[in-house]
Amino acid sequence: MMTSYDRIKDEVLECYVQFLEIVRRANMSEEDRSLAALESQAEKIKEDKFCLIVAGEAKSGKSTFINAYLGTEILPTGVWQCTSSLIEICYGEEFILRATFADGHTKQYAGEEQIKKFLLENAALRDEYRCIPVPTINNEIIVKYHDKTVPEGIIRNLLKSVAKENLERLPQEEYENRIREYIKVTQPQWGNIVVKIDISYPFEDKGMKGVSIMDSPGVNAAGKVGDITASYIKSANAIIFLRPILGADIAATGFKNFLESNIVDRNRNAMFLVLTRTAANSPEDNQKALNGFTAVYGTQEKGVLEGIVKEQIIPVDSKAECYYNYFKKMSTEEIKTQIKTMKEKGKSEPFLREAWLDAEGDKKAFLRELKKDSNFDVMRQSLNRFGHRAQFIALNEFLDRMLKVYEKITVGLGELIADYELKAEDPVKLAARIEEAKAALGDMEKKMNENAAEILKKYKDSDANGMIEKRAEEVVKGYLDEIEKIDSKSDSCVDMLDKLTLEQVEKFKDFQVELQKEIVAECNEAMVELSDKSVIPFVTLEPDLTEEVIEEIKDRMREEATKESFVNKTGTCGKKIKEALPKFMQDVFYDLVKSHILEEIEKIKKEAVDELRLFVTHTVNAYEEELRRNMQAKEAELNKIKDEKKTAEEIASILSGLKETLAMAETQERVVKRIKGGLDTNV
């Protein structure tokens, strides 16, 4: 079994070098989408970067966690909030910071003193603004509207969305006035807001060379993030969401909404929930809280929103790890003096004093106690396991695509060899075969149009017979059946309705993804039928609908949907109504909430159906375009052979080269299959 990632990565990249040489010799079209996709995958593998984004609500301890993870105090801690900027930290030969501002200008700082000064100045807020969610205001108002007048409706929507982020519990009017004042004061200097900070640092741990860590501006109480953070989350290899292990509702909406959002859909299995500040609590309290978080979020089942791998819900204490990194460089006497000084100044954490007492003055025992309190080794092991698995999966997918291209090359070369042999033996027979092949291509194009029309009809019919409409109705029916079982007079009826509704929204997401995959598969199946009894092997024509192509399709859909005024919503659960109605009208309240939610579910269903109809149209069109382009290339190839004025010696030379290239391709294909067979055991 192959276990060394570096070794197998080198083997895979060497296979890719050989592959490119064979592609060159086989004269494959540079426009082939598979080649472009492989080139993109190869670059990512060469970079060997593992992108880790750290997210969390205000005061969740992101900066302390990152300092602890990196083993050095890079980011400022102990302030109420950090900036609205995204901070990316990577390995570098020197300690350098590069800041990008909202208006596009950049500044660079070098050296620990300058960098820490810059970070402190950009992390600390004026006292009167520490109680308001500055990162959200900067991202959603200041940077977006910069020198334009912000519509009053936009400001009111912001005030509404950040109502729960009143950190000092100010009277609502005062809280909102502070936000308005901040907007008024800050907007004229919008260009000086830092939106991205890149830090390079020469970590002692060389294993950090390939790791890129991002400190996000923060997730608000509703689980939302800014546009910049969202774009990085989508491309991250892993997401760490920080939450204090005690002192907050386990099912609080911030993390729940974040977990259920579209931006983490593709990263759901790459989500780590890290529960912080454990050292200050008893082991019993920590275990009880961990059990609670695991019960709510540690389930991965179809149709269940909460879904994090249990082993990826990890309790840690960042301060304990920071203390470990701080004290490990000291002698026993220096530690003793420092502990005493911290105690006199009132800056000694209870768990730190306890660890020192338990160690009885022994440095090694003291460091072991801190390591046990931090639990960072467990977190790193879990992250490393995930990282290697993700890397192996990337290599496996890369080899998979390479094998598909090899199949196309070997089949295509086999055809060429047969055609040239026929040309050398009997040019008349070759001409007849070429005409037969052209007729087959024409017949295939006709059938292609018919099959495409059938697929469109099958999925897009607006009546009950349309597959999209029918499946959407089935999804809704299951939901309606479930909510009919709820007792409207029960105290928990609205909570049950909320839970079922959130699950239903997720089912609609799954429904869309599954149907999209089904549509692509149906295109493949329908088009493969075109090659039945044909002299043209379908594998040489089959399009490769890469992820990039699918994304292009979705981009076109979004443009079209915008033009046609489709509105995409996540739906609501009637929370406002719940707050406004008196408790003694429970059944009336429930009926009103239910009615409102059903309207929203119907909207979501309609939007899902509309989007899928657009998707099937664009997918079939894209498939037809690709297949038609491949067919035209095949016809041009046949004409070239027919029209070539070659002597017997020239044909023999061509055949020799083709057979040599085919032998190389077959040999390399076997090598790739062997490596992939070993990789399959790791994924």
Side-chain angles (χ1 to χ4, degrees), residues 3-10 12-13 41-56 61-75 77 82 85-98 112 115 119 196-217 228-229 231-242 264 266-267 269-274 276 309 311-312 314 316 318 321-322 324-325 371 374-395 682:
T3 55
S4 168
Y5 171 74
D6 289 334
R7 178 171 59 82
I8 196 169
K9 184 189 80 170
D10 290 343
V12 168
L13 290 175
Q41 286 177 297
E43 287 306 310
K44 289 177 182 176
I45 290 169
K46 286 174 188 174
E47 288 176 4
D48 201 20
K49 281 190 177 180
F50 186 79
C51 176
L52 175 65
I53 193 159
V54 181
K62 297 193 302 295
S63 297
T64 306
F65 174 84
I66 291 173
N67 287 340
Y69 186 83
L70 296 176
T72 186
E73 298 285 323
I74 290 181
L75 301 180
T77 59
C82 232
S85 60
L86 188 76
I87 302 176
E88 182 172 2
I89 307 167
C90 300
Y91 179 86
E93 295 300 320
E94 297 178 66
F95 192 10
I96 294 172
L97 179 148
R98 185 172 183 271
E112 185 171 344
I115 289 171
L119 288 170
K196 180 85 182 345
I197 294 174
D198 293 282
I199 297 174
S200 65
Y201 188 86
F203 305 115
E204 292 179 13
D205 181 2
K206 296 300 184 283
M208 292 297 299
K209 279 192 174 183
V211 179
S212 169
I213 296 182
M214 297 188 186
D215 180 11
S216 67
I228 297 173
T229 309
S231 66
Y232 278 95
I233 286 174
K234 285 180 180 177
S235 60
N237 295 100
I239 306 165
I240 288 181
F241 196 101
L242 301 184
V264 298
R266 64 185 293 176
N267 304 76
N269 290 324
M271 175 73 71
F272 288 76
L273 175 56
V274 173
T276 61
V309 177
E311 291 73 22
Q312 291 173 195
I314 306 165
V316 303
S318 304
E321 184 70 8
C322 286
Y324 171 84
N325 294 324
K371 265 294 178 187
S374 80
N375 204 37
F376 260 66
D377 285 347
V378 170
M379 193 212 65
R380 283 196 176 92
Q381 288 166 10
S382 180
L383 208 54
N384 287 341
R385 280 196 301 272
F386 171 82
H388 282 303
R389 184 172 178 273
Q391 290 169 321
F392 280 126
I393 289 171
L395 290 180
N682 288 281

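Atom-to-atom distance recorded for Leu13:CG and Ile8:CD1 is 11.0 Å, nearest 0.5 angstrom. With rounding to the nearest 0.5 angstrom, the CD atom of Gln381 is 9.0 Å from the CG atom of Asn375. Of the inter-residue distances, the one linking Ile197 atom CD1 with Ile89 atom CD1 reads 9.5 Å to the nearest 0.5 angstrom. Rounding to the nearest 0.5 Å places CZ of Phe203 at 4.5 Å from CD1 of Ile74. To the nearest 0.5 Å, the span separating OG on Ser382 from CD on Gln312 amounts to 5.0 Å. Once rounded to the nearest 0.5 Å, the distance linking CG of Leu86 with CG of Asp198 reads 8.5 Å.
Phe65 and Val274 make their closest contact through CE1-CG1, 4.1 Å (heavy atoms, listed as atom of the first residue, atom of the second, distance). The two residues Ser63 and Asp215 have their closest heavy-atom pair at OG-OD2, 3.6 Å. Here the closest non-hydrogen pair linking Ala238 and Phe272 is CB-CE1, 4.2 Å. Counting all heavy atoms, side chain and backbone alike, Glu73 lies closest to Asn67 at OE1-ND2, 3.5 Å. Listed here is the closest heavy atom pair of Ser212 and Glu88: OG-OE2, 2.6 Å. Between Ser318 and Thr64, the shortest heavy-atom contact is CB-CG2, 3.6 Å.
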Dump the intermediate steps for side chain to side chain contact (heavy atoms under 4.5 Å, CB included) on Leu383 and Ile240, then the final yes or no.
CA-CA 10 Å; Leu383 208 54; Ile240 288 181; 4.3 Å; yes
Step by step, work out the side chain to side chain contact (heavy atoms under 4.5 Å, CB included) result for Leu75 and Ile199.
CA-CA 10 Å; Leu75 301 180; Ile199 297 174; 4.3 Å; yes
Any chance you could lay out the side chain to side chain contact (heavy atoms under 4.5 Å, CB included) test for Leu119 and Leu97, step after step, and finish with the verdict?
CA-CA 9 Å; Leu119 288 170; Leu97 179 148; 3.8 Å; yes
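With Ser200 contributing its side chain and Glu94 its backbone, the two residues share a donor-acceptor pair below 3.5 Å.
Other residues, nucleotides and ligands contribute more than 12 heavy atoms inside 6.0 Å of the CZ atom of Arg380.
Shown here are the side-chain hydrogen bond (donor to acceptor under 3.5 Å, both in side chains) partners of Tyr201, two or more places apart in sequence or in another chain: Thr72. Partners of Tyr69 according to the ring-ring contact (aromatic ring centres under 6.0 Å, His included) rule, which considers only residues two or more places apart in sequence or in another chain, do not exist here.
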